[in-house]
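Below, read A as the first sequence line, B as the second, and so on, with proteins coming before strands; counting in each chain starts at 1. Side-chain atoms are counted along with the backbone in the values below, which use heavy atoms only and exclude waters and symmetry mates.
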Protein chains: 2
Amino acid sequence: MRRTKAEAEETREAILEAAERIFLENGVNQSTLMQIAECAGVTRGAIYFHFKDKADIYKSIVDRIRFPQEDLIEQAQSGEQVDPLDLLLEAGISCLQTFVEDERQQRVFTIIHQRCEYVGELSEVLDRLREVNTRVHQLFVRLLQTCKRRKMLSPDWTPEDAARALIASMSGLLNEWVRTDKAFDLVDVGTKSTRALIASFRRNADISIAACGTSPDALLSAGMHAKTKEVTNHGRKARAKLES
Amino acid sequence: MRRTKAEAEETREAILEAAERIFLENGVNQSTLMQIAECAGVTRGAIYFHFKDKADIYKSIVDRIRFPQEDLIEQAQSGEQVDPLDLLLEAGISCLQTFVEDERQQRVFTIIHQRCEYVGELSEVLDRLREVNTRVHQLFVRLLQTCKRRKMLSPDWTPEDAARALIASMSGLLNEWVRTDKAFDLVDVGTKSTRALIASFRRNADISIAACGTSPDALLSAGMHAKTKEVTNHGRKARAKLES
DNA sequence: ATAGAAACATACATGAATGTTTGTAAATAG
DNA sequence: CTATTTACAAACATTCATGTATGTTTCTAT
């Protein structure tokens, strides 16, 4: 019953696919290798040939997806010359956009946040998540520090706190969206929330009256007048530019 | 070895206390009744006397704490005559405040959100959480609808979306705070974030320049000039009024 | 062509957690 | 005062997931 190398890779993928389904249904710890094998149409032996144990399967699942935050990092590192706050807004929005479109990302996100107790071997997965998160945080802090140097950051916010707030807002939105079973328009609500937050980051924008003297260009670049559609398209264009 | 009724209640509490610790360390499903018994200084027999099974213990733990959202509901229902948006801001802030002060709330929150796979019996706990959340959401929607009737709500936001955004922001803040092991000042960052969000809810406040003509009173009531300390004290006062 | 190894299936051994049953000492009701 | 029930402890039986060991077939390299 030996298969060719390509077929073997197929069964490996089938196992990962099955594990994703079973994990989502039963939780990582409660899922048994037997269930996964059954769902994949193989025996437990096949699983033990391809993977060391259940934790290994889970790590493989998490490793093969791209996190929404990683898209965000790549995108945010592209244009350093533009307004960092605009860049944050666009990156955040297109991050939400890709998340909405990628069902696998959503499934794995749900597993990670609602279907796993991180203990023992499993906590290694958490370590990777933490690492990605700190990278995002540091990136945000760097961007916000340049804002501060350019006197564009509101005195209310430190770069660190602003970064925390942004990350909390984004992760809160993603979590609520999956928890409520997509009960609202993630991109729409997320765009408005993020825009509100970033608006408060701007010097002289946190207190409404102080913005009167600024030029129309400054207001436009603040993204306050742009309609949702235009902004998301803008974000998409930026991403398309990256992929080329 | 029969104990008096009061002593029995003590051991019951000891079991719950121990379970809280063990669940936090090992996750609900990974924790064994033996570990809990050992930690509580009893045998498994005692646990099976007081509780049906592990799910029963977990439900008891969740039932005996007050959720941050429940504080929020009570508080937000007190004064209907004031500006609903101010009320939302104050309620949110004092909700964060009590969460920071209540270590048990934090522990159980961590268990709920990071140490449990909700499957089978355990999902009943999730049902209760969902119910609390929908109550909060409906309350928010009601408040925001009165805003809309009074022409105080920005045309950018529907009451539903604004409620979602607020809930997502709050839960995101709480989650990030416990996930990062209290790496930032929750009340401080939370106050600024929430204030920014609610500011964007206000009609003529979402676009900075439009607020120029409004009276100083309107700006003050928008909470944009108040320092953090004053607002939190305000929130506390409101809570103290409730307890009397 | 054939030796070896790859890609599994099957069978077994182990341990660990659960639920249940039985035992028992002390409190409490009558 | 004693009869019964309470509040556990201790022992037992059962299930069940895991890991490993072994078997089998087919690919593949030489």
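- Using bins of under 30°, 30° to 60° and over 60° for the plane-to-plane angle, the ring pair B:Y58/B:Y118 lands in the tilted bin.
- Under 4.0 Å is where a charged nitrogen must lie from a carboxylate oxygen, and between A:E9 and A:R3 no such pair does.
- For A:I167, the side chain to side chain contact (heavy atoms under 4.5 Å, CB included) test picks out A:V136, A:H137, A:F140, B:E176, with sequence neighbours left out.
- Each end of the helix from C:dA1-D:dT30 to C:dG30-D:dC1 yields a helix axis from five base pairs, and these two axes differ in direction by 10° (to the nearest 10 degrees).
- Salt-bridge annotation for A:R128 and A:E70: present, with a side-chain N of the basic residue lying under 4.0 Å from a carboxylate O of the acidic one.
- B:Q105 places none of its side-chain heavy atoms less than 4.5 Å from the side chain of B:F67.
- The stretch residues 36-45 of chain B participates, sequence neighbours left out, in no salt bridge (charged side-chain N to carboxylate O under 4.0 Å, His left out) pair at all.
- Considering only heavy atoms from C-beta on, A:D56 comes within 4.5 Å of A:D53 through its side chain.
- Closest approach to the B:T43 side chain among D:dA9, D:dC8, C:dC8 is made by D:dA9 (side chain taken as heavy atoms from C-beta onward).
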Contacts under 3.5 Å, N or O only, protein and nucleotides 16-20 of chain C:
residue, atom, partner, partner atom, Å
C:dT18, OP1, B:K54, NZ, 3.4
C:dT18, OP2, B:T32, OG1, 3.4
C:dT18, OP2, B:L33, N, 3.2
C:dG19, OP2, B:Y48, OH, 2.6
C:dG19, N7, B:R44, NH2, 2.5
C:dG19, O6, B:R44, NH1, 3.4
C:dG19, O6, B:R44, NH2, 2.9

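- Taking a cutoff of 4.0 Å between a charged side-chain nitrogen and a carboxylate oxygen, B:E131 and B:R135 qualify as a salt bridge.
- Within the 4.5 Å cutoff, side-chain heavy atoms of B:W177 are placed close to those of B:V100.
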Just the atom pairs and distances: protein N or O near nucleotides 27-30 of chain C's N or O, under 3.5 Å.
residue, atom, partner, partner atom, Å
C:dT28, OP1, B:T4, OG1, 3.2

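- Between the NE2 atom of A:H50 and the C1' atom of C:dA9 there is a distance of 13 Å, rounded to whole Å.
- Across the protein-nucleic acid pair, A:E9 atom CD and C:dA6 atom P stand 15 Å apart, rounded to whole Å.
- Under the 30°/60° scheme for interplanar angles, the aromatic rings of A:F201 and A:W157 are found to stand perpendicular.
- A 4.5 Å side-chain heavy-atom check between B:I65 and B:D102 finds every atom pair outside the cut-off.
- Between A:R64 and A:E17 there is a salt bridge, since a side-chain N of the basic residue sits under 4.0 Å from a carboxylate O of the acidic one.
- Atom P of nucleotide D:dT18 and atom OH of A:Y58 are separated by 16 Å, given to the nearest angstrom.
- In this structure, A:F49 places its CZ atom 16 Å from C1' of C:dT10, rounding to the nearest Å.
- Salt bridge present: A:R107 and A:E20 bring a charged side-chain N and a carboxylate O closer than 4.0 Å.
- Within residues 10-20 of chain A, no residue has a heavy atom under 4.0 Å from DNA chain D.
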